[in-house]
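One-based numbering, in listed order, for ligands and for the atoms of each. Keep in mind it's a predicted model, so treat the numbers as computed, not measured. Each residue takes its place number in the sequence, starting with 1.
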Amino acid sequence: MKKAVITGASSGLGYQIASSLIEKGVKVINLSRTECDLNVTNIKVDLSNHKSTINAIEQVKKDHHDVDLLVLCAGVMHRHFVGDTPLEEVDSDFSINVSSSIKFTDGLISLIRKNKGDIVIVGSTSSFVTYGETSVYNAAKHAILGYIKSLQVELKKENVRVIGFHPGGFQSQLHIKAGSDLNQKELMDPKHLAKLLMTILELPRSVQVSEIILDRKKAAIK
Ligand SMILES: NC(=O)c1ccc[n+]([C@@H]2O[C@H](COP(=O)([O-])OP(=O)(O)OC[C@H]3O[C@@H](n4cnc5c(N)ncnc54)[C@H](OP(=O)(O)O)[C@@H]3O)[C@@H](O)[C@H]2O)c1
């Protein structure tokens, strides 16, 4: 790994992944609305906005020919019962959780191919099971799982690894911003998740971990 592009490294899991990569000497480019305060290059982007997303992809392509790791981690979750969803939020949430990852992958695939790199897409346990009150989020995470699987089929014969990374509940701003009453102390520590991702990325390139699901073991969390 030489240079990584990460969406959503200003906070939460993306921040911990960026921190772990920096420790390993990898140069990190963060894409989010607010800056990541680690030693990274920040590119400002609003992933709910098509033009902003395309501009950010073009900037990466122009300035960073040596990118060999793409981590698509940015995400947003809102809680509404069906019938109460602000309808403009549907497109915006899909754009951040699904479409922007497709656009980044498509836009940067030539660099990743050239540099024999890896693509990590952060889904969720919500890619496999559904929870009440977060139907748009669940639908988006199921959709991104479909994209990950399609990519793995398309790139099967190429030296590009596609890793679907699917955690359960961990400590971050996501649930807080969504107004969830989940106790943060009962959630996983994103540092542990980032540590596991480093191990996966450091495996020989002949090994692709296609799908990793990290369930929260609530009974063991003090
Ligand atoms: N926390 C959990 O329990 C959990 C469980 C399973 C999966 N996940 C997934 O893990 C990933 C990371 O989430 P997190 O829990 O670490 O949440 P977080 O702390 O809220 O971080 C979300 C990141 O996404 C970025 N982002 C959100 N909206 C954006 C926008 N419009 N444009 C650009 N960037 C945007 C944020 O940056 P700015 O606000 O600076 O733009 C931030 O860096 C997400 O894909 C989430 O679905 C989370």
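The distance between the ring centers of Phe128 and His166 falls below 6.0 angstrom.
Among the atoms of Asn97, none of the N or O lies under 3.5 angstrom from an N or O of ligand 1. Residue Phe170 has at least one nitrogen or oxygen atom sitting less than 3.5 Å from a nitrogen or oxygen atom of ligand 1, judged on distance alone. The shortest N or O to N or O distance between Ser124 and ligand 1 is not under 3.5 Å.
Residue, atom and distance of the protein heavy atom nearest to atom 16 (O) of ligand 1 are Leu13 N, 2.9 Å. For atom 3 (O) of ligand 1, the closest non-hydrogen atom of the protein is His175 NE2, 2.7 Å. Of all protein heavy atoms, the one lying nearest to atom 28 (N) of ligand 1 is Arg33 NH2, 3.4 Å. With respect to atom 40 (O) of ligand 1, the closest heavy atom belonging to the protein is Thr34 OG1, 2.4 Å. When hydrogens are left out, the protein atom nearest atom 26 (N) of ligand 1 is Ala74 CB, 4.0 Å; that is the closest non-hydrogen contact. Nearest protein heavy-atom contact of atom 11 (C) of ligand 1 is Cys73 O, 2.9 Å. Taking atom 18 (P) of ligand 1 as the reference point, the nearest protein heavy-atom neighbour is Ser11 OG, 3.4 Å. Protein heavy atom nearest atom 36 (C) of ligand 1, with residue, atom name and distance: Ser10 OG, 3.8 Å.
When heavy-atom distances to ligand 1 are checked against a 4.0 Å cut-off, Leu47 comes that close through both its backbone and its side chain. Residue contacts with ligand 1 for Gln171 are absent, since no atom lies close enough (heavy atoms, distance under 4.0 Å). Under 4.0 Å from ligand 1, not a single heavy atom of Tyr15 appears.
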